[in-house]
Amino acid sequence: MRQENVGADRLEELRRYLAERIPAGICLALSGGVDSALLLALLAPFARQQPDRVLAVTFASNFQPGTDVALAGRLAAGWPPAAGSATGF
């Protein structure tokens, strides 16, 4: 594996991992942080194809910054995104 391909290889590995789990269903706890937002983006194509297999949920807590809670709410409200939507998914 060449050094410049490490990130792309890891991303593809994560896509394969998620694809293997879609038949059983996936529930993503969306915090509004960058890590759960990335997972949400990776799950979007699966959600468009099998909407009953992917669920994104969010809730507010005292441990999250208000900006993360607001972002999570906006992302969850538009879930699942349409193909080619403005959200970039």
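Rounded to the nearest 0.5 Å, atoms CG (Asp35) and CG (Leu40) are 11.5 Å apart. Within the model, atoms CG of Leu42 and CG of Leu11 stand 5.5 Å from one another, a figure rounded to the nearest 0.5 Å.
By the 4.5 Å heavy-atom criterion applied to side chains, Ile26 and Arg53 are not counted as neighbours. Contact of the Ile22 side chain with the Leu43 side chain is registered, since non-hydrogen atoms from C-beta on lie closer than 4.5 Å.
Here the closest non-hydrogen pair linking Pro45 and Ala41 is CD-O, 3.5 Å. Minimum interatomic distance between Ala29 and Ser36 (heavy atoms only, all atoms of both residues): O-CB, 3.8 Å.
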Just distance, no hydrogens or angles: give the donor-acceptor pairs under 3.5 Å from side chains in residues 14-21, sequence neighbours left out.
{"residue": "Tyr17", "atom": "OH", "partner": "Arg21", "partner atom": "NE", "Å": "3.3"}
{"residue": "Arg21", "atom": "NH1", "partner": "Tyr17", "partner atom": "O", "Å": "3.1"}

